[in-house]
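Reading through the structure tokens given below for one structure.
Quick note on labels: first sequence line is chain A, next is B, and so on, each numbered from 1.
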2 protein chains.
Amino acid sequence: MTLTDTNSWTGIREVLLRRIHNRIWQPGELIPHEADLAEEFGCARTTVNRALRDLAESGLVIRKRRAGTRVAINPPQRATLTIPIIREEVESLGRSYRHSVLERNLRALPPMLHGAFQVSLSEDVLFLKTLHFSDERPYAFEERHINLDAAPDARDLAFNEISANEWLVHNAPYTHGDLSFFAVNADETLCRKLDATTGMALFAMERITWAGEMPITHVRLIFAPGYRMRTEI
Amino acid sequence: MTLTDTNSWTGIREVLLRRIHNRIWQPGELIPHEADLAEEFGCARTTVNRALRDLAESGLVIRKRRAGTRVAINPPQRATLTIPIIREEVESLGRSYRHSVLERNLRALPPMLHGAFQVSLSEDVLFLKTLHFSDERPYAFEERHINLDAAPDARDLAFNEISANEWLVHNAPYTHGDLSFFAVNADETLCRKLDATTGMALFAMERITWAGEMPITHVRLIFAPGYRMRTEI
DNA sequence: TAGTGGTCTAGACCACCTT
DNA sequence: AGGTGGTCTAGACCACTAA
């Protein structure tokens, strides 16, 4: 029997969690009101509220005004992925980081992105191909489009010192974005760059970010063979 | 100029966000104490605390007792992935769902999982191969190991009606787990099952869950060609 | 050791929604 | 229409930690 501090919101959360896990409160079932729980635990309603709010954020209970709080029927698995700047990811593994800009030019927006980049279609965008290294071994291959309306200063930068990713984070913060993950087969170009063999399955990520209505950048990252994205749930 | 209600914690959050985006507070810079901000906004410190706590959760500021609150230098991209039960994912796309159990037997725990499943090494585990369909087209191929110590009732279930995933969510809730994503090449078996061509890159997910110390299940899902996992940030 | 964020309280009002 | 969660207040004490 573990003692739990039922005056702290985390303690109360543990107790509630246990009741859900032990099926004292069945999936779909209505649980007592905040006021009742507060009385039971001898604490303020605010404290119970904090605990329940936390459970609701993780998807374990569903709260509705007037309808009360129910144990979720199919608690969705929510996983929080932290997508670091590649330099930090590499360095946090104790490896040395380096990147190399393979290509840099202005070009028309590729048709693929017309939907996302609805602004400034007539304007050229800055296109970059970059290879990221971990301990001098290829780590990821990056293709990026930068909207120069959103980041005019980028026009004069080579991105040899600081990576475009890092520069943009500091100089053109985004408000929201789309992110997707998928698998691609290595073509011959990728093979040479990433030390892969032709056709090998590679993990890829694509991201588009905006600042309000203004598109900032599109980036497609393809990781070297063996890459796994991990998280805890 | 947008008016913002600075008496609500969300309103205050917006104002603080704007100051960070507009670099009124530079990355790495210390921002005013909760008490000062509360005075500025004419609200209780609790309300400012709520706003700052939210910004800290999303990684935009870093809070430390005694040291104060700083704007994050490299705000990590945090993305919350919602990994639904496959049936719900398929049905939410307006497609019909069906699954088929291809194989079901007891076997010794594969060596690959010895590290994760430290309990009951002598015990056999239930092994399942399942194919999930969306509108009668293959959607994902699943290989699963179930620890019968954690879910004894699974021994007598065929999982033809309810999928193992769904059954486990209801009957053996987990407390935590590991999740990873990667890419695999389709081998000949996978090709036949998933309508892929040999060697095609497929998106894969692996998950191990525990209830406290007790491992519950290991599952490896390989999705049909073209699958993308998406989220917003 | 002093200053900062973290938390708790008791009370209040309100928005929302199910019945 | 009434009950529930959402939020705000003013004040207090505490835990942590940087200096």
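At whole-Å resolution of the value, CD in B:Glu39 and P in C:dT4 are 14 Å apart. Taking atom CG of A:Leu52 as the reference point, atom P of D:dG6 lies 8 Å away to the nearest angstrom. Computed from coordinates, the B:Phe41 CZ to D:dC8 P distance equals 13 Å when rounded to whole Å. With rounding to whole Å, A:Ile12 atom CD1 is found 12 Å from C:dT9 atom C1'. In this structure, A:Arg63 places its CZ atom 16 Å from C1' of C:dT18, rounding to the nearest Å. To the nearest angstrom, C1' of D:dT9 lies 15 Å from CZ of B:Arg50.
Checking the phosphate oxygens (OP1, OP2) of C:dT7, no side-chain nitrogen or oxygen of B:Thr46 falls inside 4.0 Å. Between C:dG6 and B:Asn49, a contact under 4.0 Å exists linking OP1 or OP2 to a side-chain N or O. Contact annotation: B:Asn7 does not reach the phosphate of D:dC8 (side-chain N/O to OP1 or OP2, under 4.0 Å). Between A:Arg53 and the phosphate of D:dG5, there is no side-chain N or O to OP1/OP2 separation shorter than 4.0 Å.
The pair A:Arg19-A:Glu40 meets the salt-bridge criterion, with a side-chain N (NZ, NE, NH1 or NH2) lying under 4.0 Å from an Asp/Glu carboxylate O.
At most 12 heavy atoms of other shown residues, nucleotides or ligands fall within 6.0 angstrom of atom CD in A:Glu232. More than 12 heavy atoms of other residues, nucleotides or ligands lie within 6.0 Å of CD in A:Glu91, so this atom counts as buried by the packing criterion. Residue A:Glu136 qualifies as enclosed at atom CD: its count of foreign heavy atoms under 6.0 Å is above 12.
For an aromatic pair to be called close, the ring centres must be under 6.0 Å apart, and A:Tyr227 with A:Phe203 satisfies this.
Under the side-chain contact (heavy atoms from CB on, under 4.5 Å) criterion, A:Ser134 pairs with A:Val90, A:Arg95, A:Tyr139, sequence neighbours left out. Taking B:Thr130 as the reference, nothing meets the side chain to side chain donor-acceptor pair (under 3.5 Å) condition, with sequence neighbours excluded. With sequence neighbours left out, A:Arg50 forms a side chain to side chain donor-acceptor pair (under 3.5 Å) with no residue at all.
Summary of the strand contacts: B:Thr69 and A:Trp9 both lie near DNA chain C, and taking for each the nucleotide with the nearest heavy atom, the more 5' one is attributed to B:Thr69.
Residues from residues 25-37 of chain A with heavy atoms under 4.0 angstrom of DNA chain D, sorted by number: A:His33, A:Glu34.
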- [ ] Using a 4.0 Å heavy-atom cut-off, write out nucleotides 12-19 of chain D from 5' to 3' as B (base contacted by protein), S (sugar-phosphate only) or - (no contact).
- [x] B--BBBBS
Output a table of donor-acceptor pairs, distance under 3.5 Å, between side-chain atoms of residues 167-175 of chain B and any protein atom two or more places apart or on a different chain; print 'none' if there are none.
unit_1, atom_1, unit_2, atom_2, d
B:Trp167, NE1, B:Asn171, OD1, 3.4
B:His170, ND1, B:Glu166, O, 2.9
B:His170, NE2, A:Asn74, OD1, 3.2
B:Thr175, OG1, B:Trp210, O, 3.2
B:Thr175, OG1, B:Gly212, N, 2.8

